[in-house]
Amino acid sequence: MTPETSAASPEPTITAKNVDLSNCDRELVQFPGAIQPHGVLLVLSEPDWSLLQLSANAGSLFDAAPRSLIGRKLSRLIGAEQMERLRLRAQDRLLTGAPVHLMRVGLHETQSASLREFEVFAHRHDGVLILELEDVDGRMATVLPDLYAEVRHCITRLQGAQSLPEFLDLAAEQVRRLTGFERVHVYQFREDRSGLVRAESKSENLPSYLGLRFPATDVPEPARRLLSRLWLRHLPDAAYQPVPLVPETNPLSAKPLDLSHALLRSTSPLCNRFYLNMGVRATLILALLKDGQLWGFIGCHHGTARHVPHEVRAACESLAHMVSLLMAAKEDAEHAAEALAAKARVERLIEAMSREELFLIGLVRSDPDLPAALDASGAAILVGEGITLLGDTPTEAQTEALARWLDGQDEIFATDRLAARYGAASEFQAVASGLLAIRLPEAAGYVLWFRPEQIEEARWAGDPVKPVEIDAQSGEARLGPRRSFEIWRETIEGRSRPWRDYHLEAAASLRRAIDALYRAERLAQANQSLEQSNRALARSNVDLESFAYMAAHDLKEPLRGIGRYSALLKEDLGESLPDGGRDRLDTILRLTRRMGDLIDVLLNYSRLGRAPLAPVPADMNEVVGEALDSLRPWLEAARAEVAVEPRLPIVTCDPARIMEVFMNLIANGIKYNDRDHKRVEIGVRTEGEPVFYVRDNGIGIEARHHGVIFEIFRRLHGRDTYGGGTGAGLAIVKKVIERHGGSIWVESTPGEGSTFFFTLQDHSGPAVPADKPAPPVASP
Ligand code: ADP
């Protein structure tokens, strides 16, 4: 089965104490110091091509003791003409990799006087030129006449294969057709490095190896490395007698010659015995690589010695190259189809999520359902305190405990043997040996997919855990080829079907989508409350503005019309109208004017809410002074006294607006006042935020009205009492103060007077008492 196990000779003896599978890997397969007997090996120094080392069987070919040939030039042995042709063929080649076929040479064996033909292969390695002369005699007859046409035919058939298994079957069949070997199988290396026979073509009388597993030790690391470099190994007869090199070491390096690449290199006796134990004498191994990595090989076995001619080997090698390429494409295409299907399912899931207001609802109700999206049989969603289980899953408590354990794992976690990672999972491995988990953004929770245990019965060719045999005589442990190929059955538990890369990618894209939806959802929630208040605000603004517009244009225009026609009516018919009629006309005119005033007030009020403030540091004594100046004639008429605290602070505010505030408050203090000596006092309290006040000795306001008076068009008195008014003054005052960031309130004792207090937001720091003379006190 194996291309080559090890090559140490004699067979390595390993004591029971140091037995370890890696012993096999450490053996040096490339320095056997011998070759197989179906050819002659010559080690030459360059540039003169004189002999440094040679296989002992060269002696009989050249009729001389092998040692006597050392130092001789090759041209003396094969003739000048053949030597020249060889040189010409070799000169343009690097010859640094696998041996290259140069030409066929004919040599006259001196003893028999017969002509022997050899295929010459050359490669440079270990500082020397190595020529291998492969005996043409004794080779199997080439099975098929036109190898090139055959290979093309094989490739065409391979290209037509529908599935990977069909493709691999066909590859085995075609190689068997080219080589005529009794058994050809396609062997794949698995993740655990063991091998699996994926396809087989064999003669009917042989037992089948199809589906058998072979322990990783059957193909040790050095053999794997060599195979991936050389692509092909051929052993024509496992029962050969090795031919030693003469001298044993390379005289240039004084070390054993490295024969890693040599075609004739003697293989390990262990390896040979391994084959003979299997009833195999000839083998041909063709490497299969995928993405530069050894994927497996095509192994050919034959029960009798069989030397495959180099042309057939070359044909097989090119076929193996093609198989590698096509197989990689085929395997990728098969996965790509599955990957596309998984991607499409996850996209539908994402779509379902994004349709729902709460994406988690979409996740639970989607079609395909959440487990099916990733080819699982169960799923769980854990968000906050909530847990939703879909399909076959562990219990809620088990799932919650699992989620806690997942907190310490990667954001995307996948395993096909959960119990091996998380011991508690052995309780529920029947439903969840496979787990794929994504942690939601901001540790909001998890989405988990479960795959059930898939109990697998592996059929091993030999006991995979006992590659060591105890030598009956010495009692020592021997790492040797198995003598028995009985099939070992092993039940593999606690594993699910593996997750593929595309499952992880699909889960990652789902996680990204959840992340985006999660953010969008939270943004929407935040916006919703903002929107609600904005909407309310916008509505009131729009209402007010449209009302103001309507008032200005739609109401004022007809109102003006009413006023004009009433005036014309009075003018034209005034004299002829009865007294009552004239009075009514006067009332119409008065009401029209009043309505005009109300509309103006409303316009003013609505503009106040929208017009920007122009805040500057303002001396409040000046602001109050201006208010008094505007009121002066009216104050004098009312014989009112206004006392102003002389050191009011400087405050940042819109002084024009604050002047209106003072005007309104002062005017009200005088208006709603029955006293002969009407008095208003203006001052400030400056402990902390300055609190201005306007105090009067007027009629006072009952406590139950303290809130109402600030509403627009609210008056506590009859329309024409206390000098009349629209009931908008305090509403405007309140709005101006609030737009400054301040507040207004009233304290009052009916019959004694009222004090209005207000604050203003001060942008210039604490209020500074102004150091200046008091403004004149307004007095009648
Ligand atoms: P207007 O003075 O135009 O009626 P205001 O909004 O200025 O409207 O005042 C609303 C009501 O509050 C007044 O009608 C009056 O009844 C009451 N009021 C306002 N200021 C005072 C005050 N200083 N003393 C007593 N009552 C007042």
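Atoms within a ligand are numbered from 1 in the order they appear, just like the ligands themselves.
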Just go through Lys671, Arg714, Lys734, Glu711 and tell me whose heavy atom is the nearest to atom 11 (C) of ligand 1.
Arg714
Under-4.0 Å salt bridge between Asp629 and Arg632:
yes
To the nearest 0.1 Å, how far is atom 15 (C) of ligand 1 from its closest protein heavy atom, and which atom is that?
Tyr672 CZ, 3.4 Å
Report yes if Leu716 has an N/O atom closer than 3.5 Å to an N/O atom of ligand 1; otherwise report no.
yes
Is the contact between Tyr722 and ligand 1 made by the side chain, the backbone, both, or neither, using heavy atoms and a 4.0 Å cut-off?
neither
Does any part of the side chain of Leu730, heavy atoms only, come nearer than 4.5 Å to the side chain of Phe756, both counted from C-beta?
yes
Does any N or O in the side chain of Arg657 come within less than 3.5 Å of the main-chain N or O of Arg739, such that one atom is a donor and the other an acceptor?
no
For atom 3 (O) of ligand 1, what's the nearest protein heavy atom and its distance?
Gly727 N, 2.9 Å
Counting non-hydrogen protein atoms only, what is the nearest one to atom 4 (O) of ligand 1? Give residue, atom name and distance.
Arg715 NE, 2.4 Å
Close-contact set for ligand 1 against Ser754 heavy atoms, below 4.0 Å
24 (N)
Any idea which part of Ile701 is under 4.0 Å from ligand 1, heavy-atom wise: side chain, backbone, both or neither?
side chain
Determine yes or no for a side-chain-to-main-chain donor-acceptor pair under 3.5 angstrom, with Arg714 supplying the side chain and Gly707 the backbone.
no
Which residue supplies the protein heavy atom nearest to atom 16 (O) of ligand 1, what is that atom called, and how far is it?
His717 ND1, 2.6 Å
Carefully, step by step, assess Ser433 and Ser496 under the rule side chain to side chain donor-acceptor pair (under 3.5 Å).
CA-CA 5 Å; Ser433 283; Ser496 72; over 6 Å; no
Residue and atom name of the nearest protein heavy atom (relative to atom 12 (O) of ligand 1), distance in Å to one decimal:
Ile709 CG2, 3.2 Å
On the six-membered ring of Tyr693, is Arg695 placed so that its NZ or CZ lies under 6.0 angstrom from the centre and within 45° of the ring axis?
yes
Looking at every heavy atom in both Asn664 and Gly729, which two are closest together, and how far apart are they?
OD1-CA, 3.5 Å
Check for me whether Gly700 has a heavy atom closer than 4.0 Å to any atom of ligand 1.
yes
Kindly determine whether Tyr722 and Asn668 satisfy side chain to side chain donor-acceptor pair (under 3.5 Å), including the steps that lead there.
CA-CA 9 Å; Tyr722 295 106; Asn668 278 353; over 6 Å; no
What part of Asn664 sits under 4.0 Å from ligand 1 if we count only heavy atoms: the side chain, the backbone, both or neither?
neither
When distances are taken from atom 19 (C) of ligand 1, the protein heavy atom at minimum range is Asn668 ND2, 3.5 Å
I'd like to know if Lys570 and Asp586 make a salt bridge, using a cut-off of under 4.0 Å between side-chain N and carboxylate O.
yes
Answer with yes or no after comparing the ring centroid distance for Phe662 and Phe758 against a 6.0 Å cut-off, counting only values under it.
yes
Distance to 0.1 Å, residue and atom name: give those for the protein heavy atom nearest to atom 23 (N) of ligand 1.
Asp696 OD2, 3.0 Å
Could you tell me the residue and atom name of the protein heavy atom closest to atom 5 (P) of ligand 1, and the distance to it rounded to 0.1 Å?
Leu730 N, 3.6 Å
